[in-house]
**Q** 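One structure, as C-alpha cells, below. Some questions next.
Predicted, not measured: the structure shown is a model, and the values here were computed from it. Just so it is clear: chains get the letters A, B, ... in the order the sequence lines come, proteins before strands, and each one is counted from 1.
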Amino acid sequence: MNRIKNLFDNKNKNVLNVYCTAGFPKLNSTLVVMKALQNNGADLIELGMPYSDPLADGEVIQQSGSIALKNGMTIKVLFEQLKNFRKEISVPVVLMGYLNPVLQYGFEKFCEDAASLGIDGLILPDMPQISFENEYGAIMKKYGLDFIFLVTPETSEERVKNLDELSSGFLYAVSSSSTTGKDKSFEDVEKYLQRLQSYSLKNPVLTGFGVKDKTTFESVCKYSNGAIIGSAYIKALENANDIATATQTFLASVIG
Amino acid sequence: MQKIEIDQNGYYGNFGGAYIPEMLYPNVEELKSKYLEIMYEDSFQKEFQYLLRDYVGRPSPLYFAERLSTQIGAKIYLKREDLNHTGAHKINNAIGQVLLAQRLGKTRIIAETGAGQHGVATATVCALKGLQCIVYMGAVDIERQAPNVARMKMLGAKVIPAKSGSQTLKDATNEAIRDWINNPTDTHYVIGSVVGPHPYPDMVARFQSIISEEIRKQLKEKTGSELPDYLVACVGGGSNAAGTFYHYLNEEDVKLVAVEAAGKGIHSGMSAATTQLGTLGVLHGSKSIVMQTEDGQVVEPHSISAGLDYPGIGPLHAHLFESKRGIFLSATDDEALKEAFNLTRLEGIIPALESSHALAGLRKLDFKKEDVVVVCLSGRGDKDMDTYMKSLNGDLG
C-alpha cells in the first residue's frame with residue numbers, strides 16, 4: 001500500500017501538508033502533535049528530524065530544532081517514539097531532515113527502519129541529484145520510500161522535469177528562493193506555479209515556504225495540488241498551552 | 001604515488017562534492033560553470049596580478065630564520081604572508097573572489113568570518129571596488145575580536161552578529177549561506193577557506209596557490225632547488241595550507257605537514273583537531289571529515305585561535321589525511337602560545353596564533369640538519385595582542 005499515492009488518487013486539490021519538528025515543543029510531543037494534525041484536517045505530515053546546521057530553514061524552524069535537540073531528540077529516540085504510531089496515525093508521513101545525521105545512522109539502515117515503522121517518504125534538501133542517481137535512490141526504492149525533490153522559481157525547466165522524473169510521491173515547490181518563514185509576494189508565486197503547471201509533471205505539486213493562513217493557502221492551491229505549512233504552525237505551537245487546542249485553532253484558521 | 005587532483009564532480013578521493021539545497025543550486029552552478037574560464041582570462045589575471053603586487057605587496061618574502069634554524073636543527077624558511085596588506089594570506093582569496101564576482105555582475109558581497117581576518121580582507125577589497133559588503137560573525141567572536149570588528153566597520157562593511165547555535169564561525173557560515181539563499185541574484189558569497197560546496201574548495205585553493213608558486217621561485221634562488229624537504233602550515237578549514245601545498249601536491253619528495261589545533265588537548269573535549277576527532281560527514285555543502293556526535297550533530301570545537309576554531313576541514317586536506325600524503329600533527333593552545341613568544345624573541349616577528357600552531361609542529365618532526373623546511377607564517381599577531389598580554393600576565397584561564 002502506498003499511502004501518498006492513495007492520498008492523491010482520492011484528493012488532488014487543496015491537499016494540506018503540515019510540518020512539525022520531532023521532539024518539539026517537548027521531547028514526547030511528537031505523537032501528540034501528529035495526532036492533533038491528523039484530527040484537525042492535515043492530509044499529510046512532514047516530520048522534521050532536528051539538525052544542528054539546518055541550512056534551508058529559517059529562524060523559527062531552526063529554533064524549534066535547537067529546542068528539540070536540547071530535549072534529547074535523536075533519530076534513535078524518534079524511531080523509538082514511532083514504534084507503534086501506525087496504530088493511531090493513518091495519514092501519510094514523510095521524514096524531513098539533512099543528510100548528515102542520516103549518514104551517521106547508516107543510510108540503508110535508516111531506510112530499512114523508517115520503512116518498517118510505516119514512514120512513506122523522505123525529504124533531504126541537501127541530497128545532491130548525482131548522489132541520488134548513483135547511490136541513494138536505489139536504496140530508498142528497495143524499501144519502498146518515496147523521495148521528494150525541491151524545485152524553486154530559479155530552477156530551469158529542464159531541471160524541474162528532471163527532478164520530477166526522479167521524485168515520487170509529490171514534488172515540493174519552494175514558492176520563492178528563500179529560507180522558510182519569509183514573507184512573499186503571492187502574485188509572483190501564482191505566476192511561478194502556473195509555469196510549473198504548464199510542464200505537465202508526473203507528480204502532484206505541493207507548494208511550501210511562505211504559506212501561513214487561509215489567503216496564502218487558497219492562493220497556492222489555485223495552481224498546485226496543495227500546500228505545505230511549517231513556520232506558521234511551529235509559531236502557533238511555541239505559544240501553546242495545549243497542543244490539541246492550538247492545532248485545532250491554527251488549522252481552522254487555514255482550512256476552516 | 002596516486003596523483004592528488006580534483007575530479008569533475010568536485011571530489012578529492014572520497015571528499016568534496018556539492019551537498020546543497022536546491023535554493024543554492026543556480027548560484028553554485030553558475031560559479032561552477034564559469035570560475036575557471038573567468039579566472040584564467042587575460043584581463044582577470046592582469047588585474048589580479050597587479051593588485052597582488054601593488055596593493056597587497058607580493059611577492060611576500062621567503063625569510064631564512066637563522067636563529068630559529070639553529071634552535072630547531074634544520075634550515076627553516078618563513079613564508080611571510082603576515083606582511084601582506086591586512087595582515088594575512090586571506091587577502092589573496094578575497095581579491096580573487098571579488099574580481100570574479102564583479103565579472104559575474106554581482107553588486108552585493110557577503111562573507112563569514114571567525115577571527116575577523118577574512119572579514120577584514122573582504123571588506124577591504126569591497127571598499128577598493130565600491131561594493132556593498134555584509135559580514136556575518138558569531139556574536140561570541142564579535143565580543144572577543146573587537147579590533148577587527150572596528151576595522152570592518154571603518155571599511156564600510158555591515159557586521160551582522162550570528163546569534164544561532166553557538167554563535168561562532170560555524171553559525172556565521174550558516175547565516176551567510178541563508179543570506180545567499182534569500183538573495184540569489186545580486187549577491188556573491190566570498191567563502192574564506194577551502195571549504196563549502198564545489199567549486200569553492202578548488203577556487204579558493206587556486207587563489208591561494210600564489211603562495212606555493214612564489215615559494216618555488218624563491219627557494220630556487222636561495223637554495224638552488226625548488227623543492228624543500230618539508231612544508232608546514234596550520235589547518236583550520238585549511239586555506240593557507242592549501243596555498244602552501246598547492247604546487248607541491250604531486251612532488252613525492254616534499255613532505256606536506258598540516259598542524260591542527262588541539263585546544264586544551266585532543267581528548268580534553270575542548271579541541272579542534274578535526275582529523276583526529278572527526279568522522280566522515282557533510283558540513284557546509286561538502287563531504288569531509290567533521291567533528292560530530294554519534295547522532296550526526298555537528299559539535300562545537302575549541303581553540304585559542306579563532307581562525308582554527310572550526311569543526312570541519314577542507315576536502316583536499318581530508319584526502320591528504322586519508323591517503324597519507326599529508327602528515328597531520330596537532331598543537332595545543334599552550335604549545336602555540338609558547339611558540340608565539342619564542343619566534344618573537346628569536347626573530348623579532350610576532351606571529352598570529354594560527355601560525356604559531358604551524359611553528360609548534362616543528363618540535364614534533366625529526367629533522368636532519370640539512371633539511372630545508374618552509375613554514376607558512378600565515379598572519380601577524382596584532383589581532384592576538386590581548387591574548388598574548390594575558391598570557392604574559394598569567395591571566396589565561
**Q** On a heavy-atom basis, which atom in Lys170(B) and which in Ser52(A) lie closest, and how many Å separate them?
**A** NZ-O, 4.1 Å
**Q** Is there a donor-acceptor pair closer than 3.5 Å between any side-chain N or O of Asn100(A) and the backbone N or O of Val282(B)?
**A** yes
**Q** Is Asn27(B) in contact with chain A via its backbone, its side chain, both, or neither, using a 4.5 Å heavy-atom distance?
**A** neither
**Q** Mind jotting down which residue pairs meet the salt bridge (charged side-chain N to carboxylate O under 4.0 Å, His left out) criterion with at least one end in residues 284-305 of chain B? Sequence neighbours excluded, please.
**A** Lys76(A)-Glu294(B)
**Q** Where on Leu163(A) is there a heavy atom nearer than 4.5 Å to chain B: the side chain, the backbone, both, or neither?
**A** side chain
**Q** List the atom of Glu154(A), the atom of Thr185(B), and the distance in Å for their closest heavy-atom pair.
**A** OE1-CG2, 4.4 Å
**Q** Do you know which two heavy atoms are closest between Tyr51(A) and Gly296(B), and how far apart they sit?
**A** CE1-O, 3.3 Å
**Q** Could you look at Tyr19(B) and say if it's the side chain, the backbone, both or neither that has a heavy atom under 4.5 Å from chain A?
**A** both
**Q** Please report the interatomic distance CG(Leu55(A)) to CD1(Ile20(B)), rounded to the nearest 0.5 Å.
**A** 10.0 Å
**Q** Out of curiosity, Met23(B) CE to Leu150(A) CG, how far, rounded to the nearest 0.5 Å?
**A** 6.0 Å
**Q** Could you tell me whether Lys202(A) atom NZ has more than 12 heavy atoms of other residues or ligands within 6.0 Å of it?
**A** yes
**Q** Looking only at side chains, do Thr155(A) and Glu22(B) share a donor and an acceptor under 3.5 Å apart?
**A** yes
**Q** Can you say whether Ser156(A) sits under 4.5 Å from chain B via the side chain, the backbone, both, or neither, judging by heavy atoms?
**A** neither
**Q** In terms of heavy-atom proximity below 4.5 Å to chain B, should Thr74(A) be classed as side chain, backbone, both, or neither?
**A** both
**Q** Side-chain contact test, heavy atoms from C-beta onward, threshold under 4.5 Å: evaluate it for Pro54(A) versus Arg178(B) and give yes or no.
**A** yes
**Q** In terms of heavy-atom proximity below 4.5 Å to chain B, should Val151(A) be classed as side chain, backbone, both, or neither?
**A** backbone
**Q** Work out which heavy atom in Ile181(B) is nearest to a heavy atom in Ala56(A); give both atom names and the distance.
**A** CD1-CA, 4.4 Å
**Q** Counting only heavy atoms not in Glu5(B), do more than 12 fall under 6.0 Å of its CD?
**A** yes
**Q** Work out which heavy atom in Ser164(B) is nearest to a heavy atom in Gln62(A); give both atom names and the distance.
**A** CB-OE1, 3.6 Å
**Q** What residues, two or more places apart in sequence or in another chain, satisfy salt bridge (Lys or Arg N to Asp or Glu O under 4.0 Å) together with Lys191(A)?
**A** none
**Q** If you measure from OG1 on Thr279(B) to CD on Gln104(A), what distance do you get to the nearest 0.5 Å?
**A** 4.5 Å
**Q** Taking every heavy-atom pair that is under 4.5 Å apart, which of Gly281(B), Pro21(B), Pro197(B) has the most such pairs with chain A?
**A** Pro21(B)
**Q** Is any side-chain heavy atom of Asp53(A) closer than 4.5 Å to one of His284(B)?
**A** yes
**Q** Considering only heavy atoms, which portion of Met73(A) lies under 4.5 Å from any heavy atom of chain B: side chain, backbone, both, or neither?
**A** backbone
**Q** Pick one of side chain, backbone, both or neither for Leu280(B), based on which atoms fall under 4.5 Å of a heavy atom in chain A.
**A** backbone
**Q** At a heavy-atom separation under 4.5 Å, does Ile75(A) approach chain B through its side chain, its backbone, both, or neither?
**A** both
**Q** List the atom of Pro101(A), the atom of Gln297(B), and the distance in Å for their closest heavy-atom pair.
**A** CG-NE2, 4.4 Å
